[in-house]
Protein chains: 2
Amino acid sequence: MRLVIARCSVDYAGRLSAHLPLATRLLLVKADGSVLVHSDSLSYKPLNWMSPPCVLSTVEPDEEQTEAGVTEVWKVAHAKTADLLVISIHEILHDSSHALGHDPGLQKDGVEAHLQKLLAEQIELLGDGYRLVRREYMTAIGPVDILATDAAGASVAVEIKRRGDIDGVEQLTRYLELMNRDPLLAPVSGVFAAQEIKPQARTLAHDRGIRCVVLDYDEMRGLDDSHSRLF
Amino acid sequence: MRLVIARCSVDYAGRLSAHLPLATRLLLVKADGSVLVHSDSLSYKPLNWMSPPCVLSTVEPDEEQTEAGVTEVWKVAHAKTADLLVISIHEILHDSSHALGHDPGLQKDGVEAHLQKLLAEQIELLGDGYRLVRREYMTAIGPVDILATDAAGASVAVEIKRRGDIDGVEQLTRYLELMNRDPLLAPVSGVFAAQEIKPQARTLAHDRGIRCVVLDYDEMRGLDDSHSRLF
DNA sequence: GACTGGATCTCGTAC
DNA sequence: GTACGAGGTCCAGTC
């Protein structure tokens, strides 16, 4: 990764035309050749950029550009499309390169895993007297998201999805079939819990005697104190 | 703007939970307090970030963290929501700060200006015998995008929009009223040109005797050679 | 490979 | 302020 702080102007021609007047900015050249132009505010999104695969070439400024104060011109061309990013550099204030190595990448515990954790902690949301047996209860065909017991002590298998679709109902149905063959567990009833349940999924679930529960993620997060552990 | 290259792990808790295992990354702290975490590939989007308004505080690692090799912990808290980004730094390999000053921001010559330029160059798209008089033809209430003449030599005012909405038709109507009072120009007919024209706008335009022309941006760009000038 | 839908979407603009 | 639509959308999944 190469970090350059430079006074520069930038032109982009591709799906649109855009221009950045002369100012001091960060030029970020990544190992894959991609280039990002960042200003000192307005986070997240670069002012301008070129996505990989692309090729950076440095060329000498022509006479006109030299007179205008340009010392160096970067041309970043996309390898497949005609997109072109031209960075006209007037002055380089900082230039350093760094070997970062491979990045293992982002792990999104994401919403489904988080919902599972929250619901396990707030299992009483399913009804009075409900108690958690365990998360990720293992069966021969895979783990059930949550195994609980109701007020009468009967087993309840819970399948959690962010968006409740037919697939999720089918999945829960397979678990229920299998678990109901186990005399130690049977009878096992099913709960299909999701932030949003599609009408088709709801119909199918009801048809199979599976209860549907819509989860209010924000409210559950509000009740939860786990993210305060980071403080 | 502060640039830090560091071996670090990152945790985010907010609208979702996410974790970045220990690796070497770029930490970018902007003047507005926002923080971006970038890896050396996969351009454009940071691996993780915190948007302004937010507050960065540096805290000492606790005993457990120190034993794990953490030398410094950054906590970036959003000012309004409960979003929190925690960066556990194991080693700082580079650290520099730079005053960038204000950025004039991106000028999207964008599609409308580009369409205007292209249509001026390809004015015959409006019909055989059409000729360009000038772009940005000035009137008392503002510039008309394009003034042209048709095959008979009569004046034609062209309003160009990316998306043709009712507003654009109203705008062109005002220009036409004004220009038709000028005996040197009158009679002036109107053309409403856009990549996409909404049904309501089309109806209104036809009702006022204004012709609608849908522009094929890609095709016009294909005929154009101006963006090749950048090469 | 094309297609589809989600996103810590972001970013405008109209209302 | 909120609501709606577009984005150089990006991105990951599926067909």
Side-chain angles (χ1 to χ4, degrees), chain A residues 10-20 32 34-39 41-54 76-86 105-114 161-167 194-196 198 217-218 221 227 230, chain B residues 10-20 34-39 41-54 76-86 105-112 114 161-168 170 194-196 198 200-201 217-218 221 227 230:
Chain A
V10 182
D11 289 278
Y12 167 76
R15 274 171 277 187
L16 60 73
S17 300
H19 175 70
L20 282 168
D32 57 13
S34 55
V35 177
L36 284 74
V37 180
H38 267 280
S39 71
S41 59
L42 295 168
S43 155
Y44 181 72
K45 205 176 167 180
L47 289 167
N48 222 324
W49 71 94
M50 184 62 74
S51 302
C54 62
V76 191
H78 197 273
K80 293 191 173 178
T81 70
D83 289 27
L84 181 65
L85 187 68
V86 178
L106 186 68
Q107 295 169 7
K108 290 192 185 184
D109 297 339
V111 184
E112 183 178 329
H114 201 198
K161 290 290 176 197
R162 201 166 63 76
R163 283 179 312 128
D165 224 327
I166 281 189
D167 289 353
Q195 272 189 283
E196 176 200 354
K198 294 286 173 67
Y217 185 45
D218 291 330
R221 272 185 52 204
H227 68 285
L230 287 169
Chain B
V10 182
D11 288 279
Y12 167 76
R15 275 171 279 186
L16 59 72
S17 300
H19 175 70
L20 283 168
S34 56
V35 178
L36 284 73
V37 180
H38 267 280
S39 72
S41 58
L42 295 169
S43 158
Y44 183 75
K45 202 177 170 179
L47 289 166
N48 221 322
W49 71 94
M50 184 62 72
S51 301
C54 61
V76 190
H78 196 273
K80 294 191 173 180
T81 70
D83 289 29
L84 181 66
L85 187 68
V86 178
L106 186 66
Q107 294 169 6
K108 290 193 181 178
D109 299 340
V111 184
E112 184 178 330
H114 202 197
K161 291 288 177 199
R162 200 164 62 76
R163 283 177 306 129
D165 224 326
I166 281 191
D167 289 353
E170 296 288 8
Q195 271 190 285
E196 175 200 357
K198 295 286 172 68
Q200 286 188 331
Y217 185 45
D218 290 332
R221 273 185 52 205
H227 70 283
L230 285 170

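In what follows, chains are A, B, ... by sequence order, proteins preceding strands, each numbered from 1. Side chains are part of it too, since the values below use all heavy atoms of this structure and drop only hydrogens, waters and symmetry mates.
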Could you go through nucleotides 9-15 of chain C and list every protein N or O atom that sits under 3.5 Å from one of its N or O atoms, giving the distance for each pair?
residue: C/dC9; atom: OP1; partner: B/R15; partner atom: NH1; Å: 2.2

Of B/P46 and A/K80, whose nearest nucleotide on DNA chain C comes first from the 5' end?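 On the 5' side of the pair lies A/K80.
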B/D167 and B/K161: CA distance, side-chain angles, deciding distance, side-chain contact (heavy atoms from CB on, under 4.5 Å) verdict: CA-CA 10 Å; B/D167 289 353; B/K161 291 288 177 199; over 6 Å; no
Kindly indicate whether the side chain of A/M50, heavy atoms from C-beta on, has any atom under 4.5 Å from the side chain of A/S34.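 They are not in side-chain contact.
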Check: A/H19 and A/Y12 side chains under 4.5 Å, non-hydrogen atoms: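 Side-chain contact under 4.5 Å: no.
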For the pair made of [atom1] in [X] and [atom2] in [N], what is the distance, rounded to whole Å?
{"X": "B/L16", "N": "D/dA12", "atom1": "CG", "atom2": "C1'", "answer": "14 Å"}
{"X": "B/L85", "N": "C/dT8", "atom1": "CG", "atom2": "C1'", "answer": "11 Å"}
{"X": "A/L106", "N": "D/dA12", "atom1": "CG", "atom2": "C1'", "answer": "13 Å"}

Could you check whether B/M50 gets within reach of a base, just the sugar-phosphate, or nothing at all, counting any heavy atom under 4.0 Å?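 Since no nucleic acid heavy atom lies under 4.0 Å of B/M50, the category is nothing.
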Nearest heavy atoms of B/C54 and B/H78, plus distance in Å: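 Looking at all heavy atoms of both residues, the shortest contact is CB-CA, 3.8 Å.
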Closest non-hydrogen atom pair, A/S39 against A/L47: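 Scanning both residues, the minimum pair turns out to be CB-CD1, 3.4 Å.
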Flag, side chain of B/N48 to backbone of B/D11, donor-acceptor distance under 3.5 Å: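 Checked: no pair found.
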